[in-house]
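Quick note: residue numbers are just sequence positions, from 1. Whatever order the structure lists them in is the order used to number ligands and atoms, beginning at 1.
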Amino acid sequence: MKLRLATPGPTEVPQRLLLAGAQEIIHHRSGEMEELIRGIAAELPPLFGTTRPVHTIASSGTGAMEAAVANCFSAGDEVLVVSNGYFGERFQAICRGYGLTVHVVESDWGTSADPARVAEAYAAHPDIRGVFAVYSETSTGALNDIEAIARIFRDTDVVVVVDAISGLLVHPLEMDAWGLDVVLAASHKGFMLPPGLAFIALSDKAWTAVERASGPAYYWSFQRLRQFHPMPSSSPAVSLLLALHESLKMLGEEGLPAFRRRHATLGLAAERALSALGFRTFIQQPHRRSHVITSALAPDGIDTSQLLKNLSTRYGVTMTGGQAHLKGKLIRVGHVGAADALDLSGVFAAVEMSLLDLGHDVTPGSGTGEIIRTFHQEAR
Ligand SMILES: *Cc1c(COP(=O)(O)O)cnc(C)c1O
């Protein structure tokens with residue numbers, strides 16, 4: 001059975017990138033490696049909207065989240081976490097683990113954070129040293145207005161930490177223009193690569209915080225990253241760097257505007273297909289929808305846990321559902337990275353077949369028809 005990932009990370013890796021990563025290992029102190037790494041280091045900053053260096057480390061996205069907390073803050077520091085989903089909760093957990101005093105601006109899952117409430121929380125807690133926010137909250141599909149949130153802290157010493165792990169590339173992100181201080185990303189979302197690389201960019205304000213905090217980190221130390229940049233201070237993930245080099249080439253060939261248009265169309269097509277199948281879009285206006293995934297609540301009588309299980313066992317399609325109170329109710333169709341109209345059509349064909357397998361009343365083609373229609377319209 002052919003396996004397909006309709007998940008928001010890891011994502012399907014194009015064969016071209018798999019092959020790039022299958023090359024012989026080159027030594028990290030060789031001239032060849034230095035050329036590879038310098039090339040990567042030159043190409044990453046524009047993707048983050050920054051002139052600052054972007055550091056590449058061997059880590060999952062969560063490792064970069066923890067590194068940001070460990071390097072920029074000290075136990076006892078007050079911080080604010082903007083939380084409207086699972087990854088906002090993860091930031092809270094990491095901050096608490098490091099002994100920070102955590103204030104939370106909590107909003108319902110399925111909504112975007114309200115910047116006005118962030119401003120109120122800052123007024124109530126003027127001594128905070130940092131604010132944490134997630135750009136594309138992958139657990140729900142909501143997009144947060146990072147630009148507006150960062151504006152609140154523009155002329156302050158508060159360090160704005162952004163988890164752009166799934167949002168980068170798919171949605172515009174202008175680190176310098178928006179005044180973001182720490183921007184985190186990872187290889188297995190928009191970059192179309194296997195998991196294993198994380199990216200970290202820091203502003204001058206962030207570096208001041210790092211110097212003040214001077215925590216005990218060694219492998220995770222941002223100061224060491226700066227000291228050796230762009231070269232690694234220990235063995236890098238060579239295969240992934242070879243693949244990243246090729247991924248940057250692919251992104252350059254498509255161009256970011258086209259990459260973003262493709263994701264917007266995938267999101268629109270998935271939303272229409274889900275509606276046609278009787279699902280209700282989870283992120284409702286005026287909340288903003290991420291183009292990384294499309295999430296929807298199942299109609300009464302459809303248990304999404306059963307549907308997801310059938311999708312994977314009978315059709316080899318991996319898709320995710322909801323966590324916690326959304327388990328069994330939510331479906332999240334991932335379409336970040338290399339996904340195209342035919343991938344999404346295949347995924348929705350499997351959804352329709354699964355619904356039929358489970359005895360639901362579905363008109364074959366009602367979902368996939370929307371995919372075809374949407375891409376046909378958008379191509380004109
Ligand atoms: C995927 C993801 C993460 C975590 O990445 P891991 O590599 O699984 O640790 C964090 N935040 C967001 C928004 C993500 O989409």
*Considering only protein heavy atoms, which is closest to atom 3 (C) of ligand 1, and at what distance to one decimal place?*
Phe87 CE2, 3.3 Å

_atom 9 (O) of ligand 1: nearest protein contact (heavy atom, Å)_ = Thr62 OG1, 2.4 Å

*For Ser136 and ligand 1, does the shortest N/O to N/O distance drop below 3.5 Å?*
no

*Is Glu370 paired with Arg373 through a side-chain N to carboxylate O contact shorter than 4.0 Å?*
yes

_As an exercise, identify every atom of ligand 1 less than 4.0 angstrom from a heavy atom of Thr138._
12 (C), 13 (C), 14 (C), 15 (O)

*Is any N or O atom of Gly61, backbone or side chain, closer than 3.5 Å to an N or O atom of ligand 1?*
yes

_At less than 4.0 angstrom from any non-hydrogen atom of Ser166, what atoms of ligand 1 do you find?_
15 (O)

*Answer side chain, backbone, both or neither: which part of Glu137 comes under 4.0 Å from ligand 1, heavy atoms only.*
neither

*Below 4.0 angstrom, N of the basic side chain to O of the carboxylate: do Glu34 and Arg29 qualify?*
no

*Are Asp108 and Asn84 close enough that a side-chain donor and a side-chain acceptor fall under 3.5 Å?*
no

*Tell me who clusters with Leu344, hydrophobic residues only, linked when side chains sit under 4.5 Å apart either directly or through other members.*
Leu266, Leu274, Leu277, Phe279, Ile302, Leu307, Leu308, Leu311, Tyr315, Val317, Met319, Ile331, Val333, Val347, Phe348, Val351, Met353, Leu355, Leu356, Leu358, Val362, Ile371, Phe375

*Going by an N to O cut-off under 4.0 Å, is there a salt bridge joining Arg52 and Asp181?*
no

